[in-house]
Amino acid sequence: MRLELKGLTKKFGSFTADDDIDLVVEPGQIHAVLGENGAGKSTLMNMLYGILTPTSGEILIDDKPVSFTGPGDAIAAGIGMVHQHFKLVGPFSVADNVQLGREHTQGMGVLSAKAARKAVLDVSEEYGLKLDPDAICEDLPVGVQQRVEIVKALSGPKTELLILDEPTAVLTPAEITELLQIMRNLAAAGTSILFISHKLKEVQAVADTVTVIRRGKVVAELEPTASEAEMASAMVGRAVTLQVDKTPAEPGEARLEIKDLTLVSDAGVKVLDGLDLTVHSGEIVGLAGVEGNGQTELARAILGLVKPDEGRIAIDGKDMHGASPADRIADGLGYIPEDRGRDGVISEFSVAENLVLNQYRDVPFARRGAVNSGAVRKRAVDSISEFDIRTQSPEEPVSALSGGNAQKVIIAREFSRPRRFLVAAQPTRGVDVGASQFIHSRLIAERDTGTGVLLISSELDEIYALADRIAVIYNGRIVGEVAPDTPRAVIGRLMVGADIAGADDTAPASDDDADQTDEEANGGDR
Amino acid sequence: MAVKPFKLALAGLSAVGLAALAACGEAPSENGGDGNADASFLACMVTDSGGVDDKSFNESSWAGMEAAAEENDDIKVEVKESSSETDYDPNLQAMVDNECNFIIGVGGLMTENVNTAATANPDTAFATVDGFSEVENVYSIQFDTAQSAFLAGYVAASQSKTGTVATWGGMKIPPVTIFMDGFAAGIEQHNTDKGTNVELLGWDAEAQEGTFLNSFEDTAAGKSTTDTFISQGADIIFPVAGPAGIGALTAAAENDAVNAIWVDTDGYESTEYGAELITSAEKGLANAVKDSVLAAYEAANGGEAITGSYVGTLANEGVSIAPFHDFDSAVSADTKAELEALTQQIIDGTLTVESPSSPAAQ
Amino acid sequence: MSTDTTTPTADQPEAGETPESKPNFMRLFGRYLTEANSVMVTIYSLLLAFLIGAILLIVSDEYTRSTFSYFFSRPQDAWYASRDLIVESYTALFEGAILNLNTLDRYAAGTAEFGDLLRPLSETLTYATPLIFTGLAVGLAFRAGLFNIGAQGQMIFGMMGALIIGFALDLPAVIHLPLAVIAGALAGAAFGAVPGVLKATTGAHEVISSIMLNNIAALFLVWSISTEFLHSETKTDLITKPVDESAVMPKLLSGLSESLRVNWALLIGVAAAVFTWWLLSRSTFGFRIRAVGFNEHASATAGMRIGSTYTTTMAVAGGLAGLAGAALSLGVGAAGITTNTALEYGFDGITVALLGRAKPGGIVAAALLFGALKAGALSAQPDVPVDISTLLQAIIVLFIAAPALVKAILHLRTPRGGLVTLEAKGW
């Protein structure tokens, strides 16, 4: 299928989300659309998928203009979409999810489980997407759930164009490698792919053509051979340095001491298994690991949201046993949660309210049980300018902010009160390049003031850029602590458990050196 | 695009409504008569929380009001319903504002409110049904239903084949428990006179404890309660619960060997379960209300003032037991004679049926 | 409170008196009127409800219905009958709820007193009072993401708590009445805290537990009225002892007429609404309630205790519902309470809270509306079916709960930020 967009424009009132977008996707091509959060990528895709109607402009499929009144039209025209947030029915099986909306029946409305299973197996065989049609979706790892979405999209009557909206945002490095390979296979089989992303490495690795949009306009058409710096500056509109400037760390006394920490999940699994970790003042310790190896639980245990079954946690030399999250926050624990929307902000609350979410009872924000809205507002005004939070006013709800700005609200909240130790989990996840850069520099500045920082990130790049020391977590324990100049391959082996590395390396071959370690991680994938 | 269905639904609703009214009939001649619109005497009634269609004393009282208007063209009637006792005052006040000539409050709980309103409006005649008042312009209408229930209990004892009968009430309030007391006493009388040993389930007159639904509406609960008693051997059921008592009748209809006795009105006529009913312990509420309205009308038109109280008894036929209807042949001539003798003794005063809930001062 | 924010904008152009701003303002105002924002949806819901109510009045009135049977031979009959019926019915509701025109004539003629004129308003306020409390009880919990179906049971316990202090102690009024009111609030709070504690400690859903607790409270009431301790000494009916004179809520306007029942409970209700507003929008506890209500995960991460927030919120909500009970047993039910005294004020509080969008100002307004409907319907019977007030309430809430329906029927535009629906989390 050849897809062409001509002068596609979408206005919301006086705001122009997409302005005169031209774009061509040739058959069998992987076409990447790069842009920051809020650049107009999602609006574009929603028009393409029939969710939004263009204000002006044309969509042509195989040179014939089409107009969609809903996703049904788009699907009928051969367009399949994999949304960033999966639209799966958790308790349903893979086969049931794939046939959702176009159920296989034996006639008379009676479902045919056999036909549904066969349909899944056919598609997964055709494109080499391994899936168990009987597995229950909510039990599957995120990467496999995404595979279900892809199979679902491909199971349309004649899907020839696949839209992947930020498909890697939720994936582990190993899963990303696998997805990229799947994309290559699909393209080789003739499917056109529109790949929405803001991750430069992935775009470089897989795209045939790159279109960069900024503020609703196409600002550049690039070859995938373009450098990261080139892409990034096109995206943000200025030259971007990906390297973070920092001086060598000057570690001081221990700020976080974890000894023998063990946590058993409700399901009876040891998610933390005798974990030991120490972070000193003035250093950033990067915690590397494949997601799901205990990072989330470790962060929650440090904050006190979960009670460990064994072991001890001390912050700033003080045993935290029995201390509530509020106590720990008061003692100077800063916390940037990994799931911003769920744990970090209250999206219905204003920016100002979110900025004091964990200090609303402290002087000067409260006196005798009453909130001092003047003081709250003043803090908000200060933080908004200090942390460059792009908001119309302190009263604007955080839901109106972009991901990067919402993250800045959290950063501002944590950095505007006395702190001795900081847990930063996925601090730049879903955040655009400009904001990432800002957050990284703040973390370094934070370290330089003497705070101990534990950086939990699934992106090795981020860890390499920031960490003074790297700890690798695997199966709920620290399997190695290495210097920041340790090669990726070494850390990669640690991330999948050194003993089994390479033993069952079944991952598809990759032609990208940078992904070498990720590939190995794949071997140890849950 | 999603607009149309809703608009259609709304238009459809109106269209269906109108079509259902079959709008093609003949126009009637002008000036349709509206009851006694020009009547000079306005008789008003305030119900208790049961509402005017409670198939119990509110409904019977209202029937009496309407009967009075039927009989005398110069009387018109009006009713206001209460949803709880907190509505009594405004409703009575509204009736006063309406310039009602005679205001009846139904239910013993309203007596105090009636008294207050009557004291504030000494020129208006009031009445209280099932309550006793000493206020001058309040006429008390009460019933010694223990007497009719006594006879019903005697019949039940004579007709029971299993030797077990049962009663249950809608709520533990005097107008209910008085029936149960009388019923228990009637069975006791039969046991003493005839040497039987008929047992009563559902009410202990001594302790004033028994089985109550705490509802006058819940027929399903009425049926399950009755089923329980049937499983314990009861073959005659006496539900004292207004509409909820229908549950007992459906249970009786499902069991050939089980029959029932109705309460307040002759159930042979007022329910669909005549075939199950041996008799009914009647309370002549409609008649008493009708008579009081007519008397109040007379008083307003130069007659004797309506004052004091009325107590329905067997003697003045204010209470009675209904005919046996389908069971006429089943009830022996001996039993009928005994009932007649007992009735006479009660009228004479040689036999008294006692209940803590009997009407106060006479 | 949302109405408050619109008033100033409506006034501004007139104050500014710039000629050019007039049409601009009119256009903005017109836009506002045709937009499905929460204020207009509320207003349109009311109008639509009265419209549907009118249709149902016509259908349920035997005479008017009969005129439709010969609609095509003499349509004017049906038209006039319908018009008269609707005008008379709604006039009757108005007269019962706000001002009786008949009484006004009599007052002008000197045969009625000023106090008589106020009686409909007094009745409206009397019936609105318990609804203010129960509406607040449900609304406050809503803001914490809790669906407090248990206001009925909390009110019943409040009723009994106030009653017991009201008759069992012998104190001067200045102590007795406040003590009885506090007892009502505490009894409601204790009962209200139960579903909160159950949710906090065991995760039991508050909807399930509070429904069950309502049943427990209702049955407990039936039983306890018949106990010797509570049962009336003078009456055999199922009614409790009356409260002492010193614990009875004084009537507010007894100086004008004894028949004006509105009493001090109304003032307590208004104070409770102001308190709730302060609590939600100005206090640190309210900050926590709203935070937990929107996102308990982020609240927990910020160090808030979720379980204790649930428990405390439910206790405060229960206390508010308990005040509704105190208002009844020390007010209109001071002569003794029965199983009917509480009516369904607790359940009606849910609809009041919905209509008031869980905001204290809105709740007071909604309670006044429902109180007016109840007082009007009570007074308008038998000409107007007494159930019309329940029916109108139901239709209003139906539309409020489904703004998309109102928007579709009236072709309204979607406001910025989308349609506002109120929902409790946790389902």
Side-chain angles (χ1 to χ4, degrees), chain A residues 12-15 299-300 303-306 323-331 333 335-350 352-363 365-373 376 396-400 406 409-410 413-414 423 425, chain C residues 1 5 27-28 31 35 38 142-145 200-203 274-309 312-313 316 357-359 413-425:
Chain A
F12 297 102
S14 59
F15 173 70
R300 291 170 64 82
L303 182 59
L305 287 173
V306 289
S324 69
D327 296 339
R328 300 178 198 210
I329 290 167
D331 281 347
L333 171 63
Y335 189 81
I336 299 169
E338 64 171 73
D339 190 336
R340 178 169 61 241
R342 180 181 183 269
D343 298 322
V345 289
I346 293 173
S347 54
E348 294 89 344
F349 265 23
S350 69
E353 286 174 314
N354 271 294
L355 281 168
V356 295
L357 202 59
N358 55 15
Q359 301 147 64
Y360 70 101
R361 283 203 284 198
D362 304 342
V363 177
F365 307 122
R367 283 217 173 80
R368 285 190 219 96
V371 174
N372 179 351
S373 49
V376 172
E396 190 171 27
V398 162
S399 57
V409 169
I410 298 172
R413 176 173 75 213
E414 300 306 314
V423 177
Chain C
M1 294 275 102
T5 56
R27 216 176 55 224
L28 279 176
R31 274 186 81 84
E35 191 181 86
S38 63
F142 255 138
R143 299 297 287 276
T201 55
T202 70
V274 173
F275 168 75
T276 308
W277 168 82
W278 177 85
L279 192 73
L280 278 172
S281 60
R282 291 287 183 271
S283 75
T284 53
F285 178 52
F287 188 95
R288 181 150 61 101
I289 288 179
R290 289 182 292 124
V292 171
F294 281 131
N295 183 344
E296 59 175 288
H297 302 295
S299 305
T301 306
M304 300 178 192
R305 288 171 203 267
I306 308 302
S308 92
T309 306
T312 321
T313 306
V316 176
R357 295 179 189 275
K359 293 182 174 136
R413 286 174 301 104
T414 309
R416 275 171 36 144
L419 297 172
V420 184
T421 42
L422 186 66
E423 53 190 306
K425 302 233 169 134

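Residue numbers start from 1 in every chain, and the chains themselves are labelled A, B, ... in the order their sequence lines are given, proteins ahead of strands.
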Tell me every residue that passes salt bridge (Lys or Arg N to Asp or Glu O under 4.0 Å) with C:Glu296, counting only those two or more places apart in sequence or in another chain. none
Do you know which of A:Pro337, A:Ala370, A:Ala366 has the most heavy-atom pairs under 4.5 Å to chain C? A:Ala370
Side chain / backbone / both / neither for A:Leu357 at chain C, heavy atoms under 4.5 Å: both
Using non-hydrogen atoms only, which part of A:Ser324 is less than 4.5 Å away from chain C: side chain, backbone, both, or neither? side chain
For a 4.5 angstrom cut-off between non-hydrogen side-chain atoms, does A:Val356 reach A:Arg413? no
Heavy-atom pairs under 4.5 Å with chain C are the metric here; pick the option from A:Ile346, A:Asn358, A:Val345 that has the most. A:Ile346
Report all side-chain donor-acceptor pairs from residues 283-291 of chain C shorter than 3.5 Å, counting only partners two or more places apart or in another chain.
{"residue": "C:Ser283", "atom": "OG", "partner": "C:Leu279", "partner atom": "O", "Å": "2.4"}
{"residue": "C:Ser283", "atom": "OG", "partner": "C:Phe285", "partner atom": "N", "Å": "3.4"}
{"residue": "C:Ser283", "atom": "OG", "partner": "C:Gly286", "partner atom": "N", "Å": "2.9"}
{"residue": "C:Thr284", "atom": "OG1", "partner": "A:Gly369", "partner atom": "O", "Å": "3.3"}
{"residue": "C:Arg288", "atom": "NH1", "partner": "C:Ser308", "partner atom": "OG", "Å": "3.4"}
{"residue": "C:Arg288", "atom": "NH1", "partner": "C:Thr309", "partner atom": "OG1", "Å": "2.8"}
{"residue": "C:Arg290", "atom": "NE", "partner": "C:Leu280", "partner atom": "O", "Å": "2.9"}
{"residue": "C:Arg290", "atom": "NH1", "partner": "A:Glu353", "partner atom": "OE2", "Å": "2.9"}
{"residue": "C:Arg290", "atom": "NH2", "partner": "A:Glu353", "partner atom": "OE2", "Å": "3.1"}

Contact summary for A:Val409 and A:Leu355, nearest pair of heavy atoms: O-CD2, 3.4 Å
Top contributor to chain C contacts, counting heavy-atom pairs under 4.5 Å, from A:Asp339, A:Asp327, A:Asp343: A:Asp343
For A:Tyr360, is it the side chain, the backbone, both or neither that has a heavy atom under 4.5 Å from a heavy atom of chain C? both
Can you check whether A:Ser347's main-chain N or O pairs, donor with acceptor, with C:Asn295's side chain at less than 3.5 Å? no
